[in-house]
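Have a look at the structure below, then the notes.
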Amino acid sequence: MTALAHVPTGTGQSAAPPPAARSGRHRLLPYLLLLPGAAWLLLFFGVPLLQLAAASLYDPSGSLSTGYALTWAFGNYPDALQAYWPQFTRSFLYAGIALVLALLMGYPLAYAIAQKAGRWKNLMLVCVVAPMFTSFLVRTLAWKTILSDNGWLVGLLRDVHLLGADGRLLATPVAVILGLTYNFLPFLVLPLYASLERLDFRLLEAASDLYASPVQAFRRVTLPLSMPGLIAGTLLFFIPASGDYINAELLGTPNEYMIGNVIDSAFLVRLDYPQGAALSFLLMAAILAVVFVYLRRAGTDEVL
């Protein structure tokens, strides 16, 4: 019996597309979904970044009144770095010290909220996040009041002889570092909480059964399992802290100015756009270098 070579389809019905065409559309779908976000980044990040790069290569002898010419003045970069390297160093030093202080306070706090708070967990999370409902500027001004020479904190430190009779906190590096620590602490605590909240306590019990001390259990179990949150939190803290200028402006003096203050002055006070743009790119490059080295040493290439 001869097999049918063709089975006609019903009239008015279209044949289904071949599997290869369907798989091709499925492969393109994720890229199509990325198009709106990519267009947004290109328009509001890529284009301004290119404009900033062009401004960093303007002729430094130009001005707003006479105009700037794109002369590919790459000398703007070494000139800016040579003039303001102390502010660069101070920015990373202050941000690093503030990060250490935030880790000493933030890690125990995140652990307590995640594993020990019980029914108070939500309230403690609200207490961590609540300051962010207030303007960054207002929070820093509040610290200016707290650290003032006539404030209760300075009075208490003088009474216990931790400060001299003429000692002060405001307009010192201590005030700037405390301001950085306070303002960016939630960015460290929240990712740490997210990692520690998923910690399985049975692993700590197993470590105890294997005669591990609490310190050994922390070093071999808790710390490695919280590493993704720790890395994310330290980056979210350090990157904005190193470029901040509000705390140094309000809590310090020109002797405590960071590179963010110099960039702000270059764009808004001195109107030196080539130098301000060059300093901005140098700051971005320095932060990227620090982040790259940090991630390499943390051994998180596979996490990224």
Side-chain angles (χ1 to χ4, degrees), residues 83-110 127-192 233-270 276 279-280 282-283 286-287 290:
Y84 296 107
W85 67 266
Q87 285 79 6
F88 267 105
T89 305
R90 188 179 300 127
S91 297
F92 289 103
L93 178 63
Y94 285 1
I97 296 174
L99 176 59
V100 172
L101 293 176
L103 282 172
L104 293 176
M105 293 184 293
Y107 200 106
L109 176 60
C127 291
V128 171
V129 179
M132 300 178 68
F133 297 160
T134 308
S135 166
F136 188 94
L137 184 61
V138 172
R139 298 201 308 268
T140 309
L141 287 172
W143 268 93
K144 186 173 183 178
T145 302
I146 294 171
L147 300 176
S148 64
D149 294 343
N150 297 323
W152 64 268
L153 181 58
V154 171
L156 176 63
L157 293 177
R158 287 173 179 169
D159 291 340
V160 298
H161 304 292
L162 291 178
L163 278 178
D166 297 327
R168 61 186 323 214
L169 293 177
L170 193 62
T172 65
V174 174
V176 178
I177 292 170
L178 289 177
L180 291 173
T181 304
Y182 166 76
N183 279 306
F184 297 108
L185 183 63
F187 296 106
L188 176 68
V189 172
L190 294 179
L192 268 174
T234 52
L235 292 180
L236 288 173
F237 184 100
F238 181 82
I239 292 174
S242 58
D244 180 70
Y245 66 96
I246 295 296
N247 287 278
E249 180 75 28
L250 297 180
L251 303 179
T253 67
N255 293 328
E256 287 79 42
Y257 275 4
M258 301 163 66
I259 194 61
N261 300 94
V262 179
I263 295 173
D264 174 69
S265 175
F267 278 114
L268 301 180
V269 179
R270 293 182 283 111
L279 287 170
S280 299
L282 287 171
L283 178 61
I287 290 176
V290 171

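Heavy atoms only: backbone and side chains are in, while hydrogens, waters and symmetry mates are out.
- The ring of Phe238 has its center no closer than 6.0 angstrom to the ring center of Phe187.
- Taking each heavy atom of Ala83 and Pro86 in turn, the nearest pair found is O-CD, 4.4 Å.
- Screening Asn261, Val262, Thr89 for a side-chain contact (heavy atoms from CB on, under 4.5 Å) involving Tyr84 leaves a single residue, Val262.
- A distance of 9.0 Å separates OG1 of Thr145 from CG of Leu170, quoted to the nearest 0.5 Å.
- A donor-acceptor contact shorter than 3.5 Å links the side chain of Arg158 to the backbone of Gly167.
- The minimum heavy-atom distance between Thr172 and Glu256, with the atom names listed, is C-CG, 3.9 Å.
- Here Leu190 contributes atom CG and Leu185 contributes atom CG; the two are 9.0 Å apart, rounded to the nearest 0.5 Å.
- What you find for Arg139 and Met132 is that their closest heavy atoms are NH1-CA, 3.6 Å.
- Side-chain contact between Leu279 and Gln87 is absent, with no heavy atoms from C-beta onward closer than 4.5 Å.
- Between Ile146 and Leu169, every side-chain heavy-atom pair lies at or beyond the 4.5 Å cut-off.
- Taking each heavy atom of Pro191 and Pro186 in turn, the nearest pair found is CD-O, 4.3 Å.
- Relative ring orientation between Phe237 and Phe184 is described as perpendicular, the plane-to-plane angle rising above 60° on a 0-90° scale split at 30° and 60°.
- The heavy-atom pair separating Thr134 from Val138 by the smallest distance is CG2-CG1, 3.6 Å.
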Derivation and outcome, side-chain contact (heavy atoms from CB on, under 4.5 Å), residues Leu282 and Ile259:
CA-CA 10 Å; Leu282 287 171; Ile259 194 61; over 6 Å; no
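- Every side chain to side chain donor-acceptor pair (under 3.5 Å) that Asp149 has, sequence neighbours left out, goes to Arg168.
- At a threshold of 4.5 Å between non-hydrogen side-chain atoms, the residues Ile287 and Phe92 count as touching.
- Between Thr234 and Leu188, some side-chain heavy-atom pair lies under the 4.5 Å cut-off.
- When the shell of 6.0 Å around CG of Asp166 is examined, it contains 12 or fewer heavy atoms from other residues, nucleotides or ligands.
- Distance check: Tyr94 OH to Leu180 CG gives 9.5 Å after rounding to the nearest 0.5 Å.
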What pairs of donor and acceptor atoms, side-chain ones from residues 244-251 against any protein atom, are under 3.5 angstrom apart with sequence neighbours left out?
{"unit_1": "Asp244", "atom_1": "OD2", "unit_2": "Ile246", "atom_2": "N", "d": "3.4"}
{"unit_1": "Asp244", "atom_1": "OD2", "unit_2": "Asn247", "atom_2": "N", "d": "3.1"}
{"unit_1": "Asp244", "atom_1": "OD2", "unit_2": "Asn247", "atom_2": "ND2", "d": "2.8"}
{"unit_1": "Asn247", "atom_1": "OD1", "unit_2": "Asn183", "atom_2": "ND2", "d": "3.0"}
{"unit_1": "Glu249", "atom_1": "OE1", "unit_2": "Tyr257", "atom_2": "OH", "d": "3.3"}

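- In terms of heavy-atom proximity, Ala175 sits nearest to Leu147 at CB-CD1, 3.7 Å.
- Remark: Tyr107 pairs with Ser226 by the side chain to side chain donor-acceptor pair (under 3.5 Å) rule, at least two apart or across chains.
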Report the C-alpha separation of Leu283 and Phe88 in whole Å, then their side-chain angles, then the decisive distance to 0.1 Å, and conclude whether the side-chain contact (heavy atoms from CB on, under 4.5 Å) test is met.
CA-CA 8 Å; Leu283 178 61; Phe88 267 105; 4.1 Å; yes
Does Phe267 form a side-chain contact (heavy atoms from CB on, under 4.5 Å) with Ile263? I'd like the steps, not just the answer.
CA-CA 6 Å; Phe267 278 114; Ile263 295 173; 3.7 Å; yes
